Amino acid sequence: MTDALFLLDTEHDDVPVNSDELNAGWKLTLPQSVRRHAIQAMRLKDGDELQLSDGKGLRIHAVLCDAQRGIAQVSSFSKEQQPITKLALIQALAKTGHDEQAIDTATQIGVDEVIPWQADRSIAKWKVGRTDKKWRQVLEAATEQSRRSWTPELGECVTSKQLVAICKRACVRGDMVIVLHQDATKTWDQLEESIAALSDKCLQDGRQRTVYVVVGPEGGIGDAEIEFFANAGAEACVLGSNILRASTAGPVALSLLARALGRFV
């Protein structure tokens with residue numbers, strides 16, 4: 001079984017984990033939040049192995065040498081780079097926790113960025129502070145569960161007008177925006193050639209690009225919004241004949257993208 005991974009809050013925890021200064025054999029005292037999770041909740045004991053990460057690519061393998069005092073010894077460490085072709089989920093706010101389910105699963109799949117969207121037809125509202133905190137907690141918990149060294153970046157909540165601007169910028173930068181819509185005529189198969197071309201271009205010139213997946217609220221995306229996004233350069237696409245929930249559509253598309261980009265082998 002893969003060793004459990006715990007995130008370090010380097011902005012608040014008193015744990016110096018600069019990868020340029022780490023050494024095998026170095027001992028560190030786990031912050032209280034990690035000790036509470038690892039030792040009290042998961043009951044790790046002396047000699048048990050664990051992983052630590054700053055959520056920004058640093059992965060530390062360590063051995064718990066004094067559980068009572070929360071001291072672990074570094075056995076190895078590495079700095080992992082982000083993928084050259086990034087995956088982003090633009091998720092419309094949804095009620096009954098469907099949006100949180102979506103970003104949880106998306107994180108496990110490997111999404112690199114999450115952007116909340118206050119769609120025109122969405123009845124759910126973004127509450128600055130409270131909702132932002134909740135989404136960050138979901139992303140961090142899913143990062144630990146999936147043993148990732150990168151926590152997905154959480155963008156600011158955007159309006160439909162701002163989403164149009166994202167589509168226009170994507171066209172200029174060579175990114176790709178895929179809007180999932182039940183009435184679209186283009187199928188996923190028809191997009192795969194464009195996805196492969198974008199991936200090849202990233203590998204050829206070494207420049208990072210992003211594939212955005214846009215998921216609407218319960219009830220779907222309005223026709224006017226779809227037209228605005230399409231006119232701004234987005235690709236509207238249907239995922240099969242079944243109607244997927246707001247919590248499911250994004251992860252399904254991200255799974256297909258991860259397979260096409262070689263993340264799933």
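Heavy-atom basis, side chains included; hydrogens, waters and symmetry copies ignored. In this text, all values refer to a predicted model and were calculated from it rather than measured experimentally.
- Shortest non-hydrogen contact noted between A119 and A92 is CB-CB, 4.3 Å.
- Clustering ILVMFWY residues whenever any of their side-chain heavy atoms sit less than 4.5 angstrom apart, transitively, puts W126 in a cluster other than the one holding I90.
- The pair E218-K95 fails the salt-bridge criterion, with no side-chain N (NZ, NE, NH1 or NH2) lying under 4.0 Å from an Asp/Glu carboxylate O.
- The main-chain N or O of T210 is found under 3.5 Å from a side-chain atom of D175 such that the two form a donor-acceptor pair.
- Separation of atoms CD (E225) and OG (S160) is listed at 3.5 Å; rounding is to 0.5 Å.
- Contact of the W135 side chain with the D99 side chain is registered, since non-hydrogen atoms from C-beta on lie closer than 4.5 Å.
- In this structure E227 satisfies the side chain to side chain contact (heavy atoms under 4.5 Å, CB included) test together with N231, sequence neighbours excluded.
- Side chain of Q118 to main chain of A124: a donor-acceptor pair is present (N/O by atom type, distance under 3.5 Å, no hydrogens or angles).
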key: Steps toward side-chain contact (heavy atoms from CB on, under 4.5 Å) verdict (L87, L261)   = CA-CA 10 Å; L87 297 178; L261 297 175; 3.7 Å; yes

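- Atoms OG and CG, on S122 and L93 in that order, are 5.0 Å from each other to the nearest 0.5 Å.
- Counting heavy atoms of neighbouring residues, nucleotides and ligands inside a 6.0 Å radius, atom CZ of R169 exceeds 12 of them.
- Note: Q101 CD to H98 NE2 = 5.0 Å, rounded to the nearest 0.5 Å.
- At most 12 heavy atoms of other shown residues, nucleotides or ligands fall within 6.0 angstrom of atom CZ in R259.
- When side chains are defined from C-beta on, I103 counts as touching L139, because their heavy atoms get closer than 4.5 Å.
- Looking only at side-chain heavy atoms (C-beta outward), R263 and I109 stay at 4.5 Å or farther from each other.
- Here R147 contributes atom CZ and S149 contributes atom OG; the two are 13.5 Å apart, rounded to the nearest 0.5 Å.
- Contact of the L244 side chain with the L180 side chain is not registered, since no non-hydrogen atoms from C-beta on lie closer than 4.5 Å.
- Every residue meeting the side chain to side chain contact (heavy atoms under 4.5 Å, CB included) condition with D46, not counting sequence neighbours, appears here in chain and number order: A67.
- Scanning for side chain to side chain contact (heavy atoms under 4.5 Å, CB included) contacts around T143 gives L7, T107, R148, T151, P152, with sequence neighbours left out.
- A distance of 9.0 Å separates CG in L191 from CG in L257, rounded to the nearest 0.5 Å.
- Panel note: side chain Q162, backbone T159; a donor-acceptor pair is recorded below 3.5 Å.
- Residues L198 and G174 come closest through the heavy atom pair CD1-O, 3.4 Å.
- When all heavy atoms of S199 and T85 are compared, the pair lying nearest together is CA-OG1, 3.9 Å.
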message = Determine whether R130 and K134 satisfy the following criterion, side-chain contact (heavy atoms from CB on, under 4.5 Å), listing intermediate values before the conclusion.
response = CA-CA 6 Å; R130 188 169 72 181; K134 181 61 177 175; 6.0 Å; no

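- Using a 4.5 Å cut-off on side-chain heavy atoms (C-beta onward), K168 and C171 make no contact.
- With sequence neighbours excluded, no residue forms a ring pair (Phe, Tyr, Trp, His ring centres under 6.0 Å) with Y212.
- Closest of all the heavy-atom pairs between A253 and V213 is CB-CG1, 3.9 Å.
- Under the ring pair (Phe, Tyr, Trp, His ring centres under 6.0 Å) criterion, W150 pairs with no residue, sequence neighbours left out.
- Note: I60 CD1 to K79 NZ = 10.0 Å, rounded to the nearest 0.5 Å.
- By the 4.5 Å heavy-atom criterion applied to side chains, I195 and L256 are not counted as neighbours.
- More than 12 heavy atoms of other shown residues, nucleotides or ligands fall within 6.0 angstrom of atom CG in L203.
- Of the possible donor and acceptor atoms, none in the side chain of D54 sits under 3.5 Å from a partner among the backbone N and O of L8.
- Listed here is the closest heavy atom pair of V179 and A234: CG2-CB, 3.8 Å.
- Note on L5 and V111: separate hydrophobic clusters, where clusters join Ile, Leu, Val, Met, Phe, Trp and Tyr whose side-chain heavy atoms are under 4.5 Å apart, directly or indirectly.
- A single hydrophobic cluster is not seen to contain both W117 and L89; linkage of ILVMFWY side chains at heavy-atom distances under 4.5 Å, directly or through other members, places them apart.
- Nearest heavy atom pair, residue D3 against residue E49, reads OD2-OE1, 3.2 Å.
- Between V164 and K161, the closest side-chain pair of non-hydrogen atoms is not below 4.5 Å.
- Linking ILVMFWY side-chain heavy atoms closer than 4.5 Å, directly or via other members, places L30 and V63 in two distinct hydrophobic clusters.
- Both V211 and V215 sit in one connected hydrophobic cluster of ILVMFWY residues. Membership requires side-chain heavy atoms under 4.5 Å apart, directly or through other members.
- Although no hydrogens or angles enter the test, the distance criterion places no donor-acceptor pair under 3.5 Å between the side chain of S247 and the main chain of A102.
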ask   = Are R59 and Q51 close enough, and set up right, to give a side-chain contact (heavy atoms from CB on, under 4.5 Å), and what steps lead you there?
value = CA-CA 7 Å; R59 185 185 299 274; Q51 298 181 53; 2.6 Å; yes

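- Scanning for ring pair (Phe, Tyr, Trp, His ring centres under 6.0 Å) contacts around W188 gives an empty result, with sequence neighbours left out.
- At a threshold of 4.5 Å between non-hydrogen side-chain atoms, the residues L154 and P116 count as touching.
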